[in-house]
Structure formats: structure tokens, C-alpha cells
Q: 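Dropping a structure here in C-alpha cells format, bear with me for questions.
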Amino acid sequence: MSKNAVLVINCGSSSLKFSLIEPNSSKVIISGVAERLLSAEAFLKTSYAGTKTSTRLNPPFDHQTAVDVIVAALYEHNLVEHLLAVGHRLVHGGESYSQPTVIIDAVKQRIKELAKLAPLHNPVNLIGVEAAEKAFADLPQVAVFDTAFHQSMPEKAFIYGIPYKLYQQHGIRRYGFHGTSHYFVGKQAAKLLHKPFRSTSVISAHLGNGCSVTAIDNGQSVDTSMGLTPLEGVVMGTRSGDVDPGIIFHLIQQLNYSATDVDKLLNKESGLLGISEMSNDCRTIEEAIINDEDARANLTMDIFCYRVAKTIASYMASLSHFDGLIFTGGIGENSNLVRSRIVNSLKLLNLELDETKNTEVRFGKSGLISKQGSNNCWVIATNEEQVIAEQTYQLISKDK
Ligand code: AMP
């Protein structure tokens, strides 16, 4: 039996997504998500051969429990013998990893050290790695880093305007995130253009609960809106994006906020949620605009869209030529209203939407939504799992 499938694991603090993918055919054999981990309500939803099942998890309701149930499902459907390797989404690879990497002890140690740059992400990602190692001791485990694609950024894009020694001594610089998604949609755009990726220059806007915009010049990330952490950049679901750092001192010195309070405010209470005082969910804001003509919801949407448009326009300074703009992520793939408001501010970049196409290309569809004569604007549904599966497969096949 041929070993041609990769198990992709994306481990969050209370969730674990998995998919078993055949990279050569892009076929997803089985997939699912465990949610509410570490609580008595923990469950695993699985989709296999058109059938969806939901299983309550047993104590201790943790990531290992979820992996054990996933392994049992793989055995039940005789899928284990297809498995070539396990590919993991790792958030922060710092400057150490610009490529997918086989996880050996030294790599795990480095990922732990890098947790000081991503305390919310790297430790939980490692829990997924260790659970998979226990379940599949004989299989190679591969890390694919969210930061890796952005390692091609030039110094002028990643060094902050603060003393250089903070970069040299403590690694304080811009790293960028969502790299796997930007890489995937950039490559898809190259296919649509019938050009090699290495000569394709696009701007991709990954707009979901987290949002980032990336300038891809001749196939390489040359600038991106997230920074040392995913807090920098455009306005997001609950994150503020860029603010005057002076606000932080004002909150602490004048309004008696603690550092923890400021962290919570900027990461969890700001963005769409903080401005609208309604929701972090773009759909709720859109409904309030359309149904109730709610002025605050309208303002929230305007701020969100204007910030994204400004970032896109600023990336003209980063590109050698411009092949088009890509929307992806939950908002980018689905909200014709957001796309319309963003592109309406970009007429000077010769970007104009065909509103019929803009309304049609939603809900997992991909396609061109710009008018004839305009620069290209596409919606491209992202697929980070496919990239992780492909890169894992390529690395393991090369090593053999
Ligand atoms: P993600 O983090 O990529 O899963 O994206 C989550 C965001 O996508 C949330 O703000 C959702 O409101 C938004 N979203 C999902 N579906 C739609 C839709 N049909 N219209 C507008 N926004 C949507």
C-alpha cells in the first residue's frame, strides 16, 4: 500500500484541527476539529467520506485525548498505512526557520526558546507535536512555520525605529505571520496569471479574525503588516492593529492600567469589537449596517476598510511591478461589502471591481472580481493545510 498521505495538525490553546491529505492530488481524506479542549464540553467533529460525526471526549479532555480519538478514527477507516508523515503548523520560527523542518529534539528546544516571542502560540503548538509523536513514534514530524515565508523581507522592512541593539541582543524585529496563507494565495495568483511565481508581484490581504496584508515581489514576501507579534498592522477582530505607542504610557501612567490590562485591551477588546461595541464578527457588523443602518457599525467598517486600503496603497513602495490584489481569509473570501469599500479607495491604483462578480465570488469560491481594464483583483480561498501537507511531503520525499 502506498504511503502518500500527510496528517496535518494545527494545535490551538483549546482547539486542534486535523486533516489527512494526499498532497499530490490535494485530496482531503478525513478532517475534523476538536474544540473546547480542557473543558468537560470537549468534543471532536470529524468529516469522512461525506459523513460528519461528533464525539464527546473523555477526561482529561486534553489535546492528547483528541489525538488518541483521531488515531482511533484513522485505524477504524484503515487509513494509518497511508501515512507518510505528520505536518504541524508552528507559529513562530524566528530567524531560525525559513523552510519546513523535520522536528528533532534540537528543533523542539529552539521552538521552546522562541516561545518568548510567541508565548500564546509556540507552547500549544508543541503540545500537538508531542501528542502526535506519542501516537506515531515511527513517523517523521515536520514543522511548517507561519513566519517562514516572511524571512525574505529586507532589513529596511523588518527593523523597527528603536535602538538596533534590541534587534541584535533580543531579536526584536518584525517577523510577520499568516505566511503559509500568503504564500498559498500568491502561488495561486501566479497560476491564474500563467506566470512563474518567481516573477509574480501581488499584494495579498488575509482578512479573518486576524488580518494581515503582504507585499509579494517576484514570489518573495518583501513586507507584511504584522510585526514582532500579530498585534501590529491593520485593525482586526479584537486586536487594535497599529496605535500610537504613547497610548500605552497614557493608559498606564494616567489611567492606572497595568501591563496585563493593556495587553488584554489591545489584543482582546479592541478592533471591530472595541470600536463597534457590538461584535468582533464581521457578519454581525454587516447585518447592523444593512438592516438597522447602525452608524457605529458603519464607522467600524469604514475604519477597518480604510486601514486595509492604506496599507495596500503603501505597498506600492515595496513592489517592482503590480500584478494584482488578492483577498483571502473568512472576511476576504466572503464579504463583498468589505472588498467593495476597500477597492473603492484604490481607484488611483487602477483597481475597480465588477460588482456582479464581487457578489458572486463568495463562500469558498475563487475568481477574478475586477472590471475589464482594471488591475487584477482576485478572491482566492486560502488552504494552509494543503501547503503544510505539500511541504511536509516534499521534505520527507527529498530526505529518503
Ligand atoms: P477566519 O479567522 O479566517 O475564520 O475569519 C473569521 C471572520 O470571517 C469573522 O469576522 C467572520 O465574521 C468572517 N466571515 C465569515 N463568513 C462571512 C460572511 N459570509 N460575510 C462576512 N464575513 C464573514
Side-chain angles (χ1 to χ4, degrees), residues 8 10-19 31-35 45 47 89 91 120-121 146 176-185 188 204-214 224-226 230-231 233-241 267-292 294 296-298 300-305 307-308 326-343 353 355 357-367 369 378-388:
V8 176
N10 179 353
C11 197
S13 55
S14 63
S15 70
L16 188 152
K17 286 193 213 151
F18 79 97
S19 11
S31 65
V33 59
E35 286 179 52
K45 281 191 290 188
S47 172
R89 175 184 178 226
V91 167
L120 299 179
H121 295 104
D146 248 25
F177 300 87
H178 290 147
T180 311
S181 174
H182 290 295
Y183 168 76
F184 177 80
V185 297
Q188 293 301 110
S204 70
H206 178 114
L207 309 178
N209 217 357
C211 302
S212 67
V213 183
T214 293
T224 191
S225 58
M226 284 177 169
L231 182 55
V234 295
V235 169
M236 312 182 207
T238 61
R239 293 181 212 139
S240 60
N267 274 299
K268 303 251 187 258
E269 298 167 355
S270 296
L272 297 180
L273 174 66
I275 305 168
S276 69
E277 297 179 307
M278 189 182 290
S279 173
N280 66 318
D281 194 303
C282 181
R283 280 166 293 202
T284 313
I285 310 227
E286 277 191 25
E287 278 159 24
I289 295 172
I290 294 161
N291 301 333
D292 310 329
D294 186 282
R296 184 76 70 80
N298 198 41
T300 306
M301 195 61 100
D302 264 350
I303 295 169
F304 179 86
C305 294
R307 288 286 200 94
V308 173
I326 307 166
F327 285 107
T328 193
I331 299 175
E333 290 169 32
N334 295 302
S335 175
N336 51 325
L337 180 72
V338 166
R339 297 188 306 230
S340 192
R341 284 199 188 185
I342 292 171
V343 176
L353 293 188
E355 280 303 338
K357 289 186 193 159
N358 185 32
T359 314
E360 280 166 7
V361 185
R362 299 173 72 191
F363 312 126
K365 288 190 208 152
S366 295
I369 57 168
W378 305 273
V379 175
I380 300 180
T382 196
N383 192 343
E384 290 155 286
E385 288 77 14
Q386 173 66 23
V387 176
I388 296 172

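None of the values given here were measured: they were computed from a predicted structure. For ligands, and for the atoms within them, numbers begin at 1 and follow the listed sequence.
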Q: What heavy-atom pair brings Phe304 and Val338 nearest, and what distance separates the two atoms?
A: CE2-CG1, 3.9 Å
Q: How far is atom 14 (N) of ligand 1 from its nearest protein heavy atom, and which residue and atom is that?
A: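 Of the protein heavy atoms, Gly330 O, 3.5 Å lies nearest.
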Q: Considering only non-hydrogen protein atoms, determine which one is nearest to atom 20 (N) of ligand 1 and report residue, atom name and distance to 0.1 Å.
A: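 The answer is Arg283 CG, 3.6 Å.
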Q: Kindly confirm or rule out an N or O of Cys282 lying under 3.5 angstrom from an N or O of ligand 1.
A: yes
Q: Students should be able to answer this: which protein heavy-atom is nearest to atom 2 (O) of ligand 1, and at what distance?
A: Asn209 N, 2.9 Å
Q: May I ask you to check whether over 12 heavy atoms, not counting those of Lys17, lie within 6.0 Å of atom NZ?
A: no
Q: Verify the distance criterion only: is there a donor paired with an acceptor across the side chains of Ser340 and Glu355 at less than 3.5 Å?
A: yes
Q: To which protein heavy atom is atom 18 (C) of ligand 1 closest, and what is the distance rounded to 0.1 Å?
A: Asn334 CB, 3.3 Å
Q: Note the single closest protein heavy atom to atom 11 (C) of ligand 1, along with its residue, its atom name and the distance in Å.
A: Asp281 OD1, 3.5 Å
Q: Number the atoms of ligand 1 from 1 as they appear, then name those within less than 4.0 Å of a heavy atom of Ser335, with their elements.
A: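 Counting atoms of ligand 1 from 1, those under 4.0 Å from Ser335 are 21 (C).
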Q: Suppose I only count heavy atoms of Phe363 and a 4.0 Å limit; which atoms of ligand 1 are within that range?
A: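 Those qualifying, in numeric order: 19 (N).
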Q: Have Ser276 and Thr300 got a donor and an acceptor in their side chains that come within less than 3.5 Å?
A: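 On atom types as modelled, these side chains do not qualify, holding no pair under 3.5 Å.
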Q: Do you see a donor-acceptor pair shorter than 3.5 Å between the side chains of Ser212 and His182?
A: yes
Q: Any chance the side chains of Ser31 and Ser19 put a donor and an acceptor closer than 3.5 Å?
A: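 No - no donor-acceptor pair under 3.5 Å links their side chains.
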Q: Testing Leu353, Leu337, Leu207 one by one against Ile342 for a side chain to side chain contact (heavy atoms under 4.5 Å, CB included), which residue passes?
A: Leu207
Q: At less than 4.0 angstrom from any non-hydrogen atom of Glu286, what atoms of ligand 1 do you find?
A: 21 (C)
Q: For atom 13 (C) of ligand 1, what is the closest protein heavy atom, and at what distance to 0.1 Å?
A: Ile331 CG1, 3.6 Å
